[in-house]
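Below: the structure, in structure tokens.
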Amino acid sequence: MNWLEHLRVFLFPPVRRHAALDIARQSLLHAAGAASLVCHGRMPGNFRIYGTMPEPCWWIVAPWGDGKDGLTIRSSRVIAVGRQTGKVHYDGSAGDEG
């Protein structure tokens with residue numbers, strides 16, 4: 001890395017796994033305390049998300065939070081949190097049903 005990249009990383013350190021989980025919990029609002037979250041460093045192979053993320057992301061599997069998690073057959077909910085910015089780039093279906 002050149003000196004400018006080192007300075008950028010020093011001033012804006014990457015988002016770590018625990019910080020990504022905190023960001024996902026904040027986006028869940030009412031289900032935050034009881035939510036069981038699973039964080040992946042790479043997008044799992046069974047996810048079918050069409051499009052690309054603008055930066056590398058943490059891929060967090062989260063409950064839908066509508067009270068129907070154990071009663072319906074549907075795809076998992078995934079939240080993609082940017083590793084550099086901490087921005088939620090995607091919050092929706094993982095496309096892994098079936």
Side-chain angles (χ1 to χ4, degrees):
M1 285 196 292
N2 63 27
W3 70 272
L4 192 57
E5 277 294 310
H6 284 289
L7 179 63
R8 185 187 63 76
V9 169
F10 178 75
L11 294 174
F12 306 103
V15 175
R16 303 282 185 214
R17 181 181 300 262
H18 69 278
L21 286 167
D22 289 339
I23 292 167
R25 281 189 188 96
Q26 290 172 6
S27 72
L28 292 174
L29 296 177
H30 63 282
S36 175
L37 305 177
V38 178
C39 185
H40 299 278
R42 294 184 204 149
M43 184 172 70
N46 63 330
F47 286 8
R48 299 291 179 256
I49 298 172
Y50 301 102
T52 57
M53 299 298 135
E55 64 178 309
C57 291
W58 293 107
W59 298 89
I60 300 163
V61 180
W64 283 102
D66 58 5
K68 300 177 184 174
D69 286 314
L71 304 175
T72 59
I73 297 174
R74 62 178 169 186
S75 66
S76 303
R77 176 183 182 185
V78 65
I79 301 171
V81 177
R83 289 185 182 219
Q84 295 297 321
T85 62
K87 181 179 177 185
V88 175
H89 291 292
Y90 183 80
D91 182 352
S93 172
D96 62 348
E97 65 273 70

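Reckoned from all heavy atoms, side chains included, excluding hydrogens, waters and symmetry mates.
The two residues Ala20 and Val15 have their closest heavy-atom pair at N-CG1, 3.8 Å. Across Cys39 and Trp58, no two heavy atoms sit closer than the pair SG-CE3, 3.7 Å.
With sequence neighbours excluded, the residues satisfying side-chain contact (heavy atoms from CB on, under 4.5 Å) with Pro44 are His40, Asn46, Phe47, Trp59.
Residue pairs meeting the salt bridge (Lys or Arg N to Asp or Glu O under 4.0 Å) criterion with at least one member in residues 40-58: none, sequence neighbours excluded.
By the criterion of side-chain heavy atoms lying less than 4.5 angstrom apart, applied directly or through intervening Ile, Leu, Val, Met, Phe, Trp or Tyr residues, Tyr90 is grouped together with Met43 in one hydrophobic cluster. The hydrophobic clustering, which links ILVMFWY residues whose side-chain heavy atoms are closer than 4.5 Å, places Val38 and Val78 together. A single hydrophobic cluster is not seen to contain both Ile49 and Ile60; linkage of ILVMFWY side chains at heavy-atom distances under 4.5 Å, directly or through other members, places them apart.
Taking CG from Asp96 and OG from Ser75, the interatomic distance works out to 5.5 Å, rounded to the nearest 0.5 Å. To the nearest 0.5 angstrom, Arg83 atom CZ is 12.0 Å from His89 atom NE2. Ile23 CD1 to His18 NE2: the interatomic distance, rounded to the nearest 0.5 Å, is 9.5 Å.
Atom CZ of Arg17 has more than 12 heavy atoms from other residues, nucleotides or ligands within 6.0 Å.
Side-chain atoms of Pro63 and Leu37, non-hydrogen and from C-beta on, do get closer than 4.5 Å to each other.
Checking Pro14, Pro54, Pro13 one by one against Gln84, the side chain to side chain contact (heavy atoms under 4.5 Å, CB included) holds for a single residue, Pro14.
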